[in-house]
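First the structure, in the form of structure tokens, and then the observations on it.
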2 protein chains.
Amino acid sequence: MPREKKLTIRDIARLAGVSRSTVSLAINDSPLINDRTKAKVLKIIEEVGYRPNAMARGLVSDTSGAISVVVPPVGHVFSDWYFAESLSGILDAASAADFRVAIEIATEDFKSGRRAVQQFEERRTDGLLAVGALVTDDYLERLLEAGRPVMLVNSELGRVPAVIADNVEGTVAIVHHLASLRHRAIAYIKGLDITTTGRHRDEGFRKGLQLAGLPFRDDLTAFGDFTEASGYEAMGQLLDRKPLPTAVFAMNDMMAIGAARRMKEHGLLPGRDIALVGGDDAPLARYVEPPLTTLRQSMYDLGAEAARLLLKWIRTKQPPPPRTLLHTELIIRESCGARLASARRGGQLR
Amino acid sequence: MPREKKLTIRDIARLAGVSRSTVSLAINDSPLINDRTKAKVLKIIEEVGYRPNAMARGLVSDTSGAISVVVPPVGHVFSDWYFAESLSGILDAASAADFRVAIEIATEDFKSGRRAVQQFEERRTDGLLAVGALVTDDYLERLLEAGRPVMLVNSELGRVPAVIADNVEGTVAIVHHLASLRHRAIAYIKGLDITTTGRHRDEGFRKGLQLAGLPFRDDLTAFGDFTEASGYEAMGQLLDRKPLPTAVFAMNDMMAIGAARRMKEHGLLPGRDIALVGGDDAPLARYVEPPLTTLRQSMYDLGAEAARLLLKWIRTKQPPPPRTLLHTELIIRESCGARLASARRGGQLR
DNA sequence: TTGTAAGCGTTATCAA
DNA sequence: TTGATAACGCTTACAA
């Protein structure tokens, strides 16, 4: 069992026969140091396996070399893949810049501001990234006002810089697609108004109808809360309408999946008897039957881009632009793959 | 914009009219300090919103107050939910103990040992938790030998302490269940040998057959790599067997889902014509058709328990027991819900 | 019970 | 180009 070696910069200085400050210059690749001296010092550092103490460095530089990612508490409307994918993007971008990533849970305690502010005041973090923040999370705005580097991943909140998916444009594309399939009566399963994504999809849906020359129909609108169960319930209401809508847009995939279950219980097969579109491109979307047409927003890309902007902000002290939009992509699968006319002929999909 | 206040222990000392060390004693709730003095100091700290600099504290105490979680690089055999659930458990347990959690990606660079060791040598982390480590990740053993607190979540590796699900017992229960449904010819879709979970399920499957008095049949064994596609392929091979097996055990859910797809293409409905069991209880398992019978191992519990043991290790300097087993649970759903006899009568499930 | 002073391991300033 | 030396903000003997 190798004994706990605890090398410091003094040891290196002694071994190299130079002073501590010379070692420091070598470590930090300063132009003030002679190449020969630097090489000699670095060689010794390599040999003995010395690593500078991050705490001591941080104490002097007043930085931590870490950013925090705030995630919603478990049980939130965003399911795991959403968080996991954005975290992957954040991790990759941060690691590339040699930053560490710490995770924080957005408990009420944290959001009340106390704990969030503390992370900065204790110099534990250099910046903060909020994934899946709600429009009610105003603690982020307070951090921003206090001059802290704070960014949002796929949500909007006051003047806090954000990287978001262009769900308005994407949902317009959904309606356009349905309209091009000759659908005139498009039902709508709307989610909650607390997420930016939801609000943008609502905006896009209405805009899309307008562009297609279709009216927004309250009688074809039902409400859910982003869960599978709420989609099932909402679809139940829509099935009472006469005549039935020929297409349904559910604001997210889980509600769409719930709606599909209700449709099938009612003897209607999505994609053959009725068109169904969701949103998110959750992993599940391609496995349900029939596979779900949906709107893909790459959470990985959103997370990575947000991390890059945050790190640049930390480095340069210059805040990024308030909004960075990333494209969404309409993923067409069997749940609305066929034209309405051919669907009516009862053609088997898949 | 409130200006950047940067309070130090000196400011508090001055405001409270005491010395810096007295403030320190108050912060750390020392018994050496007078209650009145402590109250006075803490009141001022509260009022002005002072927070001790974590770097300075860490420099003195030689601890970071953070643990690292090492996760496999994206694209690994474990899908996102696996990581996301265990991370949730780890986060909850660590937060409860007022520890922070930093994420590291197990890149080759990291695993080579250099980066992993550096995290400790730079005093950035007090302990390390590896989720989904492979049996080839021997850098963890080297860390352990160097006296670092290191634990495994649901894998085994040398003498590194681990918290794992009892997949042997669980898989025995699967075979027992199938045998009790009168299945005698149980086909087997085996995954890779690089995961502990896989090896334990293999062990449990063989043990289960033995207990049921059934032979292990090479001719009913096919191989996959834990992916949906590989399950699909493996099932294709098994469908060539005459007579067909009446039941199939796939080592994990994704392979089982692939197998189900192949069965259906072949005109066989899992749960009616053939019994199918997977493993993991992935979120997807309950949404596929028919819903999949599977073996649940709570990754949340495994993560939380591992974090608790790691933190205790850090606190007490006493390593935990080498193995902590957590129970698995057989989740019976439609894919093998009926007895073979009734299934043969063609009864509609669900 | 409180205060003084000596570190902790770096970086930065300023002479040499 | 290099080497003393003074911060950085805190904890902890040791003294008072």
Side-chain angles (χ1 to χ4, degrees), chain A residues 4-42 44-45 48-66 98 118-126, chain B residues 4-42 44-45 48-66 98 118-126:
Chain A
E4 188 84 0
K5 57 181 172 180
K6 209 166 144 180
L7 292 170
T8 76
I9 202 169
R10 303 181 100 100
D11 300 310
I12 306 303
R14 189 163 33 72
L15 266 70
V18 298
S19 75
R20 285 179 286 165
S21 34
T22 304
V23 177
S24 179
L25 292 178
I27 294 171
N28 296 293
D29 202 24
S30 161
L32 299 176
I33 195 176
N34 181 315
D35 279 349
R36 275 177 52 86
T37 318
K38 180 162 74 184
K40 182 178 68 179
V41 172
L42 292 181
I44 293 183
I45 287 178
V48 300
Y50 161 75
R51 289 266 90 202
N53 181 314
M55 302 282 195
R57 291 184 123 172
L59 182 56
V60 178
S61 67
D62 205 34
T63 58
S64 68
D98 225 22
Q118 284 176 15
Q119 295 299 318
F120 282 101
E121 289 184 342
E122 294 175 358
R123 302 292 185 277
R124 287 188 187 279
T125 194
D126 295 341
Chain B
E4 189 84 357
K5 59 180 171 182
K6 209 167 143 180
L7 292 169
T8 76
I9 204 169
R10 304 181 100 99
D11 299 312
I12 306 303
R14 190 163 32 72
L15 264 66
V18 297
S19 76
R20 286 179 287 163
S21 43
T22 305
V23 177
S24 178
L25 293 177
I27 293 171
N28 296 295
D29 201 24
S30 160
L32 300 175
I33 195 177
N34 182 313
D35 277 351
R36 274 178 52 86
T37 318
K38 179 162 74 183
K40 182 178 67 178
V41 172
L42 290 181
I44 292 183
I45 286 178
V48 301
Y50 162 75
R51 290 265 90 202
N53 181 315
M55 302 281 192
R57 293 184 118 174
L59 182 55
V60 178
S61 67
D62 205 32
T63 59
S64 67
D98 225 21
Q118 284 176 14
Q119 294 300 317
F120 282 101
E121 290 184 340
E122 294 174 358
R123 299 293 185 278
R124 288 188 186 279
T125 194
D126 295 341

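- Taking every nucleotide of DNA chain D with any atom under 4.0 Å from a non-hydrogen atom of chain B, the first and last of them, 5' to 3', are D/dG9 to D/dT12.
- Legend: residues meeting salt bridge (Lys or Arg N to Asp or Glu O under 4.0 Å) with A/D62, ordered by chain and number and at least two apart, are A/R123, B/K6.
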Problem - side chain to side chain donor-acceptor pair (under 3.5 Å) between B/T63 and B/D126, worked out - result: CA-CA 6 Å; B/T63 59; B/D126 295 341; 4.6 Å; no

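- Scanning both residues, B/A66 and B/R124, for their nearest heavy atoms gives CB-O, 4.1 Å.
- Partners of B/T22 by side-chain contact (heavy atoms from CB on, under 4.5 Å), not counting sequence neighbours, listed by chain and number: B/V18, B/S19, B/I33, B/T37.
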Exercise for the section: Between protein and nucleotides 6-16 of chain C, map the contacts as a letter string: B base, S sugar-phosphate only, - none, heavy atoms under 4.0 Å, written 5' to 3'. Expected result: -BBBBSB----

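- For the pair B/N53 (side chain) and B/M55 (backbone), a donor-acceptor distance under 3.5 Å is present.
- Judged by distance alone, the side chains of A/R51 and B/Q118 do bring a donor and an acceptor atom under 3.5 Å apart.
- Among residue pairs with one or both ends in residues 12-27 of chain B, those qualifying as salt bridge (Lys or Arg N to Asp or Glu O under 4.0 Å) are B/D11-B/R14; sequence neighbours excluded.
- In terms of the side-chain contact (heavy atoms from CB on, under 4.5 Å) criterion, residue partners of B/L15 (sequence neighbours excluded) are, by chain and number, B/I44, B/V48.
- Applying the 4.0 Å criterion to OP1 and OP2 of C/dG3, one finds that B/T22 has a side-chain N or O inside that range.
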